[in-house]
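Bear in mind the structure is a predicted one, so any value in this text is a computation, not a measurement. Each chain gets a letter, A, B and so on, in the order its sequence line appears, and its residues count up from 1.
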2 protein chains.
Amino acid sequence: MRNKEKNNARTERRDAAENRQRILDAALRLFEENGVEPVSMNQIAIEAQIGAGTLYRRYRNKSELCLDLIRDNLDLLFEDMDAYLEQHRDDPPGRRLKGILRLFIRFREKKLQLLAGVEEGASPSRPKNRSPNPMLVELQETFARLFGEMSASEPSEPENVFKADMLLMALKSEFYVFQKEVRAYSSEQFLERLCSALFPTAGN
Amino acid sequence: MRNKEKNNARTERRDAAENRQRILDAALRLFEENGVEPVSMNQIAIEAQIGAGTLYRRYRNKSELCLDLIRDNLDLLFEDMDAYLEQHRDDPPGRRLKGILRLFIRFREKKLQLLAGVEEGASPSRPKNRSPNPMLVELQETFARLFGEMSASEPSEPENVFKADMLLMALKSEFYVFQKEVRAYSSEQFLERLCSALFPTAGN
DNA sequence: TTGACAAGTGGAGAGTTCTCCGTTTATTAT
DNA sequence: ATAATAAACGGAGAACTCTCCACTTGTCAA
C-alpha cells in the first residue's frame with residue numbers, strides 16, 4: 001500500500017494521488033490546529049473536500065492515517081538506530097540497548113501526538129486491529145536480540161522475547177505519558193528507570 | 001455510587017433500583033450470548049427496555065457497567081489476596097508477590113471478557129478516562145511494597161513504584177491475551193516469565 | 001481517437017456513543 | 001391524604017465511524 005510499490009503493476013491514478021495529498025494536507029492542518037485526538041475522520045473528509053467513502057478507502061481508520069503522516073520520520077528513526085548500533089557495535093549490549101531506547105524516546109517526544117494517534121485503538125467494536133505492525137515487530141526483534149547478547153549464558157530465547165515484549169509495552173504512549181504526567185519523570189529519568197528495571201546495568 | 005453507601009442521606013429510589021437490576025440482567029444476558037465486546041450500550045438499553053439516557057446516567061460507559069458486574073468477585077479477589085499475604089507473611093517477598101500474582105491471573109482467566117471490558121478505552125475522542133480506578137491503585141501499592149521488601153537494601157522508593165507500574169501494565173488484558181495467543185504461553189508459564197523478568201527468583 | 005473497464009468517488013444510511021431537557025414519579029413533610 | 005420537590009425517566013438529536021453501491025473518470029490497448 002505504501003509508496004506505490006513500483007514492482008506491482010499499475011501506478012496510482014492521478015486523481016487518486018491528488019486526493020491522497022488533499023487528505024494528508026487537511027489532516028496535518030487540522031492536527032496542528034486542534035491536536036490529533038479530537039479531530040474526527042469526518043472533519044478530515046470535509047476539510048479535504050472529499051466524501052467519507054473516499055477517505056475510508058485509503059485509510060481504514062485514523063490510526064492508519066497517522067502512520068502515513070509519520071512514515072518518513074519513522075524510517076529515519078530506524079536508520080538512526082541501525083547507524084547507532086553499527087557505530088557502537090563494540091559497546092556492551094546493555095549500553096547499546098539504552099542508546100537506541102534513547103533515540104526512540106526522543107522521537108516519541110517529538111511526535112507524541114501522532115504516535116499516540118497511531119496506537120489509538122483503531123475501531124470501536126470492530127474486528128479488532130489484528131495487524132502486528134511491521135515496524136514494531138522489527139523493533140521487538142532488535143530488543144530481543146540485544147537481551148540475548150546481554151547474558152549469553154543461559155537466559156533462553158523465550159525469556160528474551162518476553163522482556164522485549166515488556167519493553168515495547170512500556171514504550172507505548174499510554175505508559176510513557178502516565179510516567180511523565182503522574183510520576184513526574186523526565187525522559188531521561190524514564191529511560192534510566194526502564195533500563196534498571198529490565199536489565200542489570202552491568203557495563204555501566 | 002456503589003452499594004448505596006448507607007451513611008449518605010437518601011436511599012436509592014425504588015424505581016431506580018429496579019432499573020439498575022434490569023440493566024445488570026440485560027447486560028449479563030447479552031454478554032453471555034454474544035460476548036462482551038460486540039454488545040453496544042444501545043442494545044443493552046433496548047434489552048433492558050429503558051431509555052438511553054437512563055442507562056448513561058448510571059454508567060458513563062460500558063467500562064463502568066462491566067466493573068459493576070464483577071465488583072463482587074473483585075472484592076473477593078482482594079480478600080483472597082490479603083488472606084494469602086497474611087498466611088504467608090514469613091515467606092520471602094518474591095514468593096508472596098508470585099502468590100498474589102497467581103491469584104490475580106486465575107481471576108483474570110475466569111473473567112477475561114468482563115475484565116477486558118473494564119479496561120476498554122471508555123469513550124472514543126471523549127475527555128479521556130481520567131479515573132485512576134481505586135482497585136488498581138491498591139494493587140499497585142501492594143506490588144510496590146513487596147518490591148520494596150524484596151531488596152531492602154538500596155532500591156529507592158521510585159524504583160519500586162516503577163516496577164509495580166510495569167507489572168500492572170503486563171497484567172492488562174491486551175498484554176496477557178497477546179502472550180497467550182501469540183506467544184502461546186499458559187497462565188503458569190506467563191507467571192513464571194513475569195516473575196523472572198522483574199525480579200530475581202532468589203528464595204525460590 | 002476511442003472504447004472498455006478497472007479504479008476511484010461521494011454521499012446516503014445503518015448503527016454507535018452520549019447529551020439535553022421536558023415530563024413523570026417516589027418520597028417526605030405537613 | 002396531599003402537595004412540593006428532588007430524582008429519575010426516555011427519547012429526540014447531534015456527532016461520529018464505517019459500508020455499500022450507483023455513478024464517474026483515468027488509463028491503456030487497439
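- Using the six-membered ring where Trp is involved, A:Phe104 and A:Phe107 have ring planes that are tilted, between 30° and 60° apart.
- Listed nucleotides: D:dG10, D:dA6, C:dA6. Nearest to the side chain of B:Arg13: D:dA6.
- Nucleotide C:dA14 holds its P atom 15 Å from the CD1 atom of B:Ile46, rounded to whole Å.
- Distance A:Ile44 CD1 to D:dA15 P: 17 Å, rounded to the nearest Å.
- The distance between atom CD1 of B:Ile23 and atom P of D:dA8, rounded to the nearest whole Å, is 12 Å.
- Toward the 5′ end of DNA chain C lies the nearest nucleotide of B:Asn42, the other residue of the pair B:Asp15 and B:Asn42 mapping further downstream.
- Distances shown here put every side-chain N or O of A:Arg60 at or beyond 4.0 Å from the OP1 or OP2 atom of D:dC18.
- The phosphate of C:dG15 (OP1 or OP2) has no side-chain N or O of B:Gln43 nearer than 4.0 angstrom.
- Taking atom CG of residue A:Leu55 and atom P of nucleotide C:dG11, one finds them 13 Å apart after rounding to whole Å.
- Side-chain N/O atoms of A:Gln49 include none lying less than 4.0 angstrom from OP1 or OP2 on C:dG10.
- Residue A:Ala16 is in sugar-phosphate contact alone, with no base atom involved, counting any heavy-atom pair closer than 4.0 Å across all strands shown.
- Side-chain atoms of B:Glu119 and B:Ser63 include no donor-acceptor pair closer than 3.5 Å.
- Whole-Å rounding puts the B:Glu12 CD to C:dT27 P distance at 11 Å.
- In this entry the distance linking CZ of A:Arg58 with C1' of D:dT19 reads 17 Å, nearest Å.
- Under 4.0 angstrom from either OP1 or OP2 of D:dT17 there lies no side-chain N or O belonging to A:Asn61.
- As a whole-Å value, the separation of B:Arg57 CZ from C:dT23 C1' is 13 Å.
- Side-chain atoms of A:Glu149 never come within 3.5 Å of backbone atoms of A:Ala144 as a donor-acceptor pair (strictly under, hydrogens ignored).
- Note on B:Thr54: every side-chain N or O is 4.0 Å or more away from OP1 and OP2 of D:dA8.
- No hydrogens or angles considered: nothing links the side chains of A:Tyr176 and A:Arg108 as a donor-acceptor pair under 3.5 Å.
- In this structure, A:Glu18 places its CD atom 16 Å from C1' of C:dA7, rounding to the nearest Å.
- Between B:Arg102 and B:Ser187, the side chains place no donor N or O within less than 3.5 Å of an acceptor N or O (distance only, hydrogens not considered).
- Closest to the B:Asn19 side chain, of the nucleotides D:dC18, C:dT17, D:dC9, is D:dC9.
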